[in-house]
Enquirer: 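Pasting in a structure now, in structure tokens, and then I'll have a few things to ask.
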Protein chains: 2
Amino acid sequence: MNDDFQDVTTAELAVLQALWRSGTSTIRQLARSIYDDESAAAYGTVQKLLDRLEAKGHVRRERGPTHVFAASTARDELIGRRLRAVADTLCDGSLAPLLTHLVQADRLSSVERDELRALVERLDGERKSRINGRPRS
Amino acid sequence: MNDDFQDVTTAELAVLQALWRSGTSTIRQLARSIYDDESAAAYGTVQKLLDRLEAKGHVRRERGPTHVFAASTARDELIGRRLRAVADTLCDGSLAPLLTHLVQADRLSSVERDELRALVERLDGERKSRINGRPRS
DNA sequence: TGATCCTAAGACGTCTTGTCTGAGATGTCA
DNA sequence: TGACATCTCAGACAAGACGTCTTAGGATCA
């Protein structure tokens, strides 16, 4: 498992968020979108951040007259990595404690709790139909 | 809400873990337990880490001829803080996406999923009885 | 042939983190 | 009382991470 995951810093995350929104961007577009500033300074900053993001494997670069960038790590992937990091450092790698913590009273709004219940029921349904109706291939 | 939460670094966490295990410890005991070393160096290191932990509010110090320390932040509290940090930086502060991520297929064992369902049902029961049986004061 | 835009690369200042050291206070005990 | 051990307190320090900015050089185009 290629698990040399390198986390993303605050400034890098800002770039990544912009890419998640836009899908694809040039440095100049990112500089404008993030810093509202196209100066050489802002430009250079964004460029360096993109370099580091690429080195860490979070960004793909399409070379050309002017490079075009896209995120190669989805927000969901990042969430997962961070959750696992919490589990690893604080729960011996098990995810269950995170869940029980999240589900505990008054940490969730009633809306969130409803969503959760729906989610669990849906999962449960899937599992049942997988077991009864369609033996896994 | 006194929400100037300061997170804990790796070395600080080692100290905190030791305190969670022991309940209460002196610097010397911690130096032995963490570094297996009671040299002045190890001693000083542990002391500095405790100072910082105290400044961040994670540790309580009982003064005396020799100070005795205890964790004032529980493991669960720390888990919660970190989860919220993930939610804040990646989910606009909402915890629900973390849940859906955790609950998603093949991240949980079936045992964990059963536990989760039980947990949700229990919560649901509590909520109902709170609403119907005992109007909140 | 300039002007303009791009990339590449590196040089910082600052902050964090982990570690170590020295100075001084306090207690113990022959 | 005086020597000795053991604390605490406070700061110094190196290494690294982070964010920012600058410079150099190459391509493109009117």
Side-chain angles (χ1 to χ4, degrees), chain A residues 4-19 22 24-70 73 78 81-82 85 89-90, chain B residues 4-19 24-70 73 78 81-82 85 89:
Chain A
D4 49 351
F5 172 75
Q6 299 248 67
D7 205 353
V8 167
T9 69
T10 316
E12 287 167 4
L13 183 60
V15 173
L16 217 44
Q17 309 250 36
L19 284 174
S22 68
T24 177
S25 283
T26 67
I27 298 180
R28 182 158 306 278
Q29 291 168 337
L30 289 168
R32 165 179 290 277
S33 137
I34 297 170
Y35 295 99
D36 191 28
D37 176 3
E38 298 184 27
S39 70
Y43 192 97
T45 300
V46 170
Q47 184 179 33
K48 179 60 72 184
L49 294 174
L50 282 167
D51 287 351
R52 303 214 248 238
L53 279 170
E54 189 189 21
K56 292 179 181 175
H58 296 298
V59 141
R60 218 167 336 100
R61 176 194 311 249
E62 189 177 327
R63 288 171 188 282
T66 126
H67 298 187
V68 177
F69 295 85
T73 297
L78 200 54
R81 294 299 196 154
R82 294 210 170 166
T89 37
L90 291 175
Chain B
D4 50 349
F5 172 75
Q6 300 248 67
D7 204 355
V8 167
T9 69
T10 315
E12 287 167 3
L13 182 60
V15 174
L16 216 45
Q17 309 248 36
L19 284 174
T24 179
S25 283
T26 67
I27 298 180
R28 183 157 304 279
Q29 289 168 339
L30 290 169
R32 165 178 291 277
S33 136
I34 298 170
Y35 295 99
D36 192 27
D37 176 4
E38 298 184 27
S39 70
Y43 192 96
T45 300
V46 170
Q47 184 178 34
K48 179 60 74 184
L49 294 174
L50 282 166
D51 288 349
R52 292 180 182 160
L53 280 169
E54 189 190 21
K56 292 179 182 176
H58 295 298
V59 141
R60 219 169 334 100
R61 176 194 310 249
E62 188 176 326
R63 289 171 187 281
T66 128
H67 298 186
V68 177
F69 296 84
T73 296
L78 199 54
R81 294 298 197 155
R82 295 209 169 167
T89 37

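Lettering follows sequence order; numbering is per chain, from 1.
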Enquirer: Give the rounded distance in Å between these two atoms: CD of Gln47(B) and C1' of dC9(D).
Expert: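 In whole Å, dC9(D) C1' lies 7 Å from Gln47(B) CD.
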Enquirer: Can you name the one residue among Lys56(B), Arg52(B), His58(B) that meets side chain to side chain donor-acceptor pair (under 3.5 Å) with Glu12(B)?
Expert: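 The option that passes is Lys56(B).
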Enquirer: Walking along DNA chain C from 5' to 3', note the first and the last nucleotide with an atom under 4.0 Å from a heavy atom of chain B, and give both.
Expert: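 Range of nucleotides within reach of chain B: dT17(C) to dT21(C).
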Enquirer: Let me know which of Leu50(B), Leu49(B), Val8(B) forms a side-chain contact (heavy atoms from CB on, under 4.5 Å) with Leu16(B).
Expert: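 Exactly one pass, corresponding to Val8(B).
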Enquirer: Just call it for Ile27(A): base, sugar-phosphate, or nothing, with non-hydrogen atoms closer than 4.0 Å on any strand.
Expert: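 Counting heavy atoms under 4.0 Å across all strands, the contact made by Ile27(A) is with sugar-phosphate only.
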Enquirer: For DNA chain D, whose closest nucleotide is more 5', that of Tyr35(A) or that of Phe69(B)?
Expert: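 Here Phe69(B) is the residue nearer the 5' end.
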Enquirer: Is there a side-chain contact between Thr73(A) and Leu53(A), using heavy atoms and a 4.5 Å cut-off?
Expert: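 Thr73(A) vs Leu53(A): side chains apart.
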Enquirer: To the nearest angstrom, how far is Leu50(B) atom CG from dA10(D) atom P?
Expert: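 Between P of dA10(D) and CG of Leu50(B): 15 Å.
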Enquirer: Flag the pair Val59(A) / Val15(A) as yes when at least one side-chain heavy-atom distance between them is below 4.5 Å, and no otherwise.
Expert: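 They are not in side-chain contact.
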Enquirer: Let me spell it out: for each of Lys56(B) and Thr66(A), pick the nucleotide of DNA chain C with the closest heavy atom. Which residue's pick is nearer the 5' end?
Expert: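 In this pair, the answer is Thr66(A).
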Enquirer: Scan Thr45(A) against the nucleic acid and name what it touches under 4.0 Å (heavy atoms): base, sugar-phosphate only, or nothing.
Expert: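 Result for Thr45(A) = base.
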Enquirer: Regarding Ser39(A), tell me which of base, sugar-phosphate or nothing describes its non-hydrogen contacts under 4.0 Å with the strands shown.
Expert: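 Ser39(A): no heavy atom of the nucleic acid under 4.0 Å.
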Enquirer: As a quick check of understanding, evaluate side chain to side chain contact (heavy atoms under 4.5 Å, CB included) for Thr45(B) and Ile34(B), giving each step before the final call.
Expert: CA-CA 11 Å; Thr45(B) 300; Ile34(B) 298 170; over 6 Å; no
Enquirer: For dT8(D), does either OP1 or OP2 sit under 4.0 Å from a side-chain N or O belonging to Tyr43(B)?
Expert: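 Answer is yes, contact under 4.0 Å.
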Enquirer: Round to the nearest Å and state the distance from Gln29(B) atom CD to dC7(D) atom P.
Expert: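 These atoms are roughly 10 Å apart.
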Enquirer: Which residue, His67(B), Glu38(B), Gln47(B), forms the side-chain contact (heavy atoms from CB on, under 4.5 Å) with Ile27(B)?
Expert: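 That would be Gln47(B); it is the only one of His67(B), Glu38(B), Gln47(B) passing the side-chain contact (heavy atoms from CB on, under 4.5 Å) with Ile27(B).
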Enquirer: So Arg61(A) and Asp51(A), side chain to side chain contact (heavy atoms under 4.5 Å, CB included) or not? Walk me through it.
Expert: CA-CA 9 Å; Arg61(A) 176 194 311 249; Asp51(A) 287 351; 3.0 Å; yes
Enquirer: Please report, rounded to the nearest Å, how far the P atom of dG16(D) is from the CZ atom of Arg52(A).
Expert: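 Spelled out: CZ on Arg52(A) to P on dG16(D) is 15 Å.
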Enquirer: Atom NZ of Lys48(B) to atom C1' of dG11(D): distance rounded to whole Å?
Expert: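 One finds 7 Å between C1' of dG11(D) and NZ of Lys48(B), rounded.
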Enquirer: With a non-hydrogen cut-off below 4.0 angstrom, is Thr26(A) in contact with a base, only sugar-phosphate, or nothing?
Expert: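 Touches nothing.
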Enquirer: Taking CG from Asp51(B) and C1' from dA12(D), how many angstroms apart are they, rounded to a whole number?
Expert: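 Answer to the nearest Å: 15 Å.
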Enquirer: How is Ala41(A) classified with respect to the nucleic acid when contacts are heavy atoms under 4.0 Å: base, sugar-phosphate, or nothing?
Expert: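 Base contact.
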